[in-house]
Amino acid sequence: MSSPMRQFLLVACLLGVWSATAAALPPIPLAMIEGMSGPFANAGEAVQRNVQLAIEVVNARGGVRLKDGRHPLQLSVFDNKQTIDESLIALRQAEDRHIPFVLQGNSSAVAASLVDALNKHNERSPDNRLLFLNYSAVDPVLTNDKCSFWHFRFDANADMRMQALTDVIEGDSRASKVYLIGQDYSFGHQVATAARTQLAAKRPDIRIVGDEFHPIGKIKDFAPYAAKIRASGADTVITGNWGNDLTLLVKAARESGLNLKFYTFYGNGLGAPAAIGDAGVGRVRAVAEWHPNVGGAASDAFYQSFRQRFPEPRDDYVHLRMRVMIEMLVSAIERAGSTEAASVARALEGARFANGFHEATMRAADHQLIQPLTVSVMQKQGEDGVRFDNEGSGYGFKTERYLLPAATAQPSTCTMTRH
């Protein structure tokens, strides 16, 4: 064998060893604690798709850059069956496996329990501390009286979302009688409180003609609730319902022939647009940090990449905030040069995100993400501004009101012990 050939093989061998070593760097584990079974399984599955794609994007570009090389992210999903007890069991499993980052969102009651448990665990186990990244639990108390150094929220809280919705209602001269209906737990009650407070300030002429709470995830037929709404004479409904509780509510409203407007937190997915159909055109509104018809090449590319990865219409429920959360976490780990929870938390405080169509800042004072909010109204696909529909329903959403980050921010009562 010639000398040049031997040198070539030696270099190739060394490169192969280096590549294998780089590829063998241990992954950075993430634990997602969410309801993957039961009445809200579809909401948990939607979250998993969004988080998984965000992780795949990071790993496709090489992973998270640390001093010893690039580490991939790895997601483990724990089914909490939408209960606090199962969530705390899952948290202990994550602690035992030394998973430094916990993700959860579909229940403010669960989130509050996780915050309390993490505070205690991190105090007694300083060598195995965990950070809680919250993508959907929006009870304002989590970044106010119950704020924690170990908790970061990447969704707008209920008061922020309600502020956007009531800004639109304020300008709706036909709104005169409002019916409040929500799930009977901390989040549902906070939505009702925020609606009452903000409507009283912005539209004192509006009457609240109903204030209803129902068991979460247990109602199969909302027809009796639709009958109550009809009897009240309401022209407007405000609800924070999510998952099947929203889908079944709007379906009952359609079947009852209710001719009113729905102002929702989550009316743009998980079956709701198809359930209400033509009755929702111009009448159903949703508030979110983003929706597929925001417009612009960068936004379109983001949405279309999701649809390419998950082409089934039933999987079409895209959350920009999950992508923001993962990207901000990766940047914080890289700035900290570590996956240690306190170091990453300090790197997240005040961190900024920008991707060409969305900008956000993590407020250091209470760990609440400050970002734009959009109120959108349901329309038929193909109408002006509605290129994309939701879940193959033939209905999409069009921007009605866009709020800049400064307009969504609200004061906080958080007094936080930093580490």
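Hydrogens, waters and symmetry mates are skipped; everything else that's a heavy atom, side chains included, is used. When a residue number appears, it is its place in the shown sequence, counting from 1. Please read these numbers as outputs of a predicted model, since none were measured by experiment.
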Tell me whether the count of non-hydrogen atoms from other residues, nucleotides or ligands lying under 6.0 Å of [atom1] in [X] goes above 12.
X: Asp384; atom1: CG; result: no
X: Arg352; atom1: CZ; result: no
X: Lys146; atom1: NZ; result: no
X: Glu255; atom1: CD; result: yes
X: Arg418; atom1: CZ; result: yes

Can you check whether [X] and [Y] have ring centres sitting under 6.0 Å from each other?
X: Phe302; Y: Trp290; value: yes
X: Phe149; Y: His419; value: yes
X: Tyr225; Y: Phe222; value: yes
X: Tyr303; Y: Phe388; value: yes
X: His319; Y: Tyr135; value: no

Please determine if [X] and [Y] form a salt bridge, counting it only when a charged side-chain N lies under 4.0 Å from a carboxylate O.
X: Asp155; Y: Arg161; result: yes
X: Glu391; Y: Arg314; result: no
X: Arg174; Y: Asp172; result: no
X: Asp167; Y: Lys202; result: yes
X: Arg309; Y: Glu56; result: yes
X: Arg387; Y: Asp300; result: yes
X: Arg153; Y: Asp366; result: no
X: Glu349; Y: Arg335; result: no
X: Asp235; Y: Lys261; result: no

Query - Nearest-0.5 Å distance, NZ of residue Lys228 to CD of residue Glu212 - result: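 Separation between the atoms: 4.0 Å.
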
Query raised in the report: With sequence neighbours left out, what residues match Glu340 under side chain to side chain contact (heavy atoms under 4.5 Å, CB included)?
Result: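 Per chain and number, Glu340 pairs via side chain to side chain contact (heavy atoms under 4.5 Å, CB included) with Arg129, Ser338, Ala342, Ser343.
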
Query raised in the report: Of Asn390, Val281, Ile276, which meets side chain to side chain contact (heavy atoms under 4.5 Å, CB included) against Tyr395?
Result: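 Single pass found, and it is Val281.
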
**Report entry** disulfide bond (SG atoms under 2.5 Å apart) contacts in which one or both residues fall within residues 123-210, not counting sequence neighbours
**Finding:**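 Applying disulfide bond (SG atoms under 2.5 Å apart) to every pair that reaches into residues 123-210, excluding sequence neighbours, yields Cys147-Cys414.
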
Query raised in the report: Passes side-chain contact (heavy atoms from CB on, under 4.5 Å), Asn134 versus Val115? Steps please.
Result: CA-CA 10 Å; Asn134 165 11; Val115 169; over 6 Å; no

Report task. Could you please spell out the steps behind the side-chain contact (heavy atoms from CB on, under 4.5 Å) verdict for Leu88 and Glu86? Result -> CA-CA 5 Å; Leu88 295 177; Glu86 291 289 341; over 6 Å; no

Query raised in the report: Are Arg323 and Asn355 close enough, and set up right, to give a side chain to side chain donor-acceptor pair (under 3.5 Å), and what steps lead you there?
Result: CA-CA 10 Å; Arg323 180 71 62 87; Asn355 66 354; over 6 Å; no

Requested in this report: Mind checking ring pair (Phe, Tyr, Trp, His ring centres under 6.0 Å) for Phe101 and listing every partner two or more places apart, or none if nothing turns up?
Outcome: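 Listed in chain order: nothing, the list is empty.
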
Requested in this report: Please name the residue in the list Arg65, His71, Arg70 that meets the side-chain hydrogen bond (donor to acceptor under 3.5 Å, both in side chains) test with Asp68.
Outcome: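 With Asp68 as partner, side-chain hydrogen bond (donor to acceptor under 3.5 Å, both in side chains) holds for just one option, His71.
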
Query raised in the report: Does a side-chain heavy-atom distance below 4.5 Å link Thr143 with Asn157?
Result: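 Heavy-atom side-chain distance check passes, below 4.5 Å.
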
Query - Flag for Gln183-His214: side-chain donor and acceptor within less than 3.5 Å - result: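 The criterion, which ignores hydrogens and geometry beyond distance, is not satisfied for Gln183 and His214.
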
Requested in this report: Would you kindly say whether Asn293 and Thr399 are connected by a side-chain donor-acceptor distance under 3.5 Å?
Outcome: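 Checked: Asn293/Thr399 side chains show no N/O donor-acceptor pair below 3.5 Å.
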
